[in-house]
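To keep things clear, I will list the structure first and then write my remarks on it.
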Amino acid sequence: MSQHASLPARYDHVGSFLRPKYLLEAREQKAKGEITPDQLRQVEDKAITEIVKFQEDIGLKSITDGEFRRTYFHIDFLEQLGGVKTDIPVTIRKPDGTEELAPPVMRVIDKVRHAKNIQLADFEYLKSQVSAGNTPKVTIPSPTMLHFRGGRAGISREAYPELDPVFYDDVAKAYGDELRSLAAAGCTYVQMDDTNLAYLCDEKMREAARQRGDDPNELPHRYAAFINKVVAQKPEGMILAMHLCRGNFKSTHAAAGNYEPVAEALLKEMDLDAYFLEYDDARSGDFRPLRFLPKGKTVVLGLVTTKFGEMEDKDELKARIEAAAKYVSLDQLALSPQCGFSSTVHGNNIAVEAQRAKLRLVVETAQEVWGA
């Protein structure tokens, strides 16, 4: 059983930020071969230094690198695990004219292993920029991303004739090795981003899982056991949180539905410290699923949307926090935006100043509700 730890503050954020134009231009130059990887990294360093100051000026206590070194929140990490190959996603246009990112498929082609330290150098630079008293946070994709989208068909039968327990043990060991490398460098806060459990709240996605040969009622419990294999390897003193995302490509969402189908497995069975749950509009349902949250854990309510610039009303946010507190103690709640502002390099349809204003609203509201 994990020893649950407190978050740095009652206000937090999911981690990704809008990329500055000069960084996007440098990435294009690198793709064309006009600058070297080292030159791109120097540009990324500059942008990260600026986004750290941006966060600290707002008053945030957990500080990320904005995911400025990534194109996608998940692919850039997963493709560096040994035994994993990713099919690069493409943009598709839906019948209503909006764009959506076709889900990339992670394929396991060999035994999964921790081939190298993936986030270590990035964390060390982030840590060097964060002021004393604040906490550098690392965001990584959830290990369930290696199973859900492709299912059994996406995992080599030669490498893994049976998934349980060897596949899950290998992935957990790879994640454990990564967490240990980060902890040795001083990392105390890691957030895993998971779309799959949120997708299992949506009947369309549940049916897609059935078509792949999986039982959507069984999967959340299997994933809870999977995540707990990672938690069992978590270094002492590290906060391990999970963010559930319903899709965030260019301000669109891919899934909807109340958390009820996954709530017990997610909140009660997973031995995590904290959960970032999207609650910015009606697609997420009500707060009743929070009744499964045990003592010692925290739910960070994502009440402020990152998808659009319209500002939320502070009094309404307080009323919604009060509504959530009918199902779980106020002491086990915190506040954040519903997602990152740029889960992919493309960014959401929101201006930098709106990004700043929304984060300030989160900080101010949380300070007024919890006094800290």
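- Between Y259 and the choices Y275, F287, Y279, the ring-ring contact (aromatic ring centres under 6.0 Å, His included) rule is met once, by Y279.
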Donor-acceptor pairs are to be reported for all side-chain atoms of residues 105-112 against protein atoms at under 3.5 Å, with residues two or more places apart or in another chain.
residue: R107; atom: NE; partner: D87; partner atom: OD2; Å: 3.4
residue: K111; atom: NZ; partner: A159; partner atom: O; Å: 3.2

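- The pair D214-R222 meets the salt-bridge criterion, with a side-chain N (NZ, NE, NH1 or NH2) lying under 4.0 Å from an Asp/Glu carboxylate O.
- Of all heavy-atom pairs spanning P337 and H13, the tightest one is CD-CA, 3.9 Å.
- Contacts classified as salt bridge (Lys or Arg N to Asp or Glu O under 4.0 Å) and involving residues 114-134 (residues at least two apart or in different chains) are given here: R41-D122, R69-D122.
- Residues E312 and T305 bring no donor and acceptor atom of their side chains to less than 3.5 Å of each other.
- Remark: E79 does not engage K85 in a salt bridge, criterion side-chain N to carboxylate O under 4.0 Å.
- More than 12 heavy-atom neighbours from other residues, nucleotides or ligands sit within 6.0 angstrom of CD on Q39.
- Proximity of a side-chain donor or acceptor of E178 to a complementary backbone N or O of Q119 within less than 3.5 Å is detected.
- A cation-pi contact links K46 to Y22, judged by a cut-off of 6.0 Å to the six-membered ring centre and 45° from its axis.
- For F77 and Y175, the distance between ring centers is under 6.0 angstrom.
- Contact record, D271 with N228: N-OD1, 2.8 Å, taken as the closest heavy-atom pair.
- Across P216 and R210, no two heavy atoms sit closer than the pair CD-CG, 3.6 Å.
- The residue from Q191, K137, H243, K61 that alone fulfils the side-chain hydrogen bond (donor to acceptor under 3.5 Å, both in side chains) condition with D12 is K137.
- Classified by interplanar angle (parallel below 30°, tilted 30° to 60°, perpendicular above 60°), the ring pair F226/F167 is tilted.
- Between R19 and E67 there is no salt bridge, since no side-chain nitrogen of the basic residue lies less than 4.0 Å from a carboxylate oxygen of the acidic one.
- A salt bridge links R356 with E353: the closest approach of a Lys/Arg side-chain nitrogen to an acidic carboxylate oxygen falls below 4.0 angstrom.
- One side chain, D170 or Y160, offers a donor N or O that lies under 3.5 Å from an acceptor on the other.
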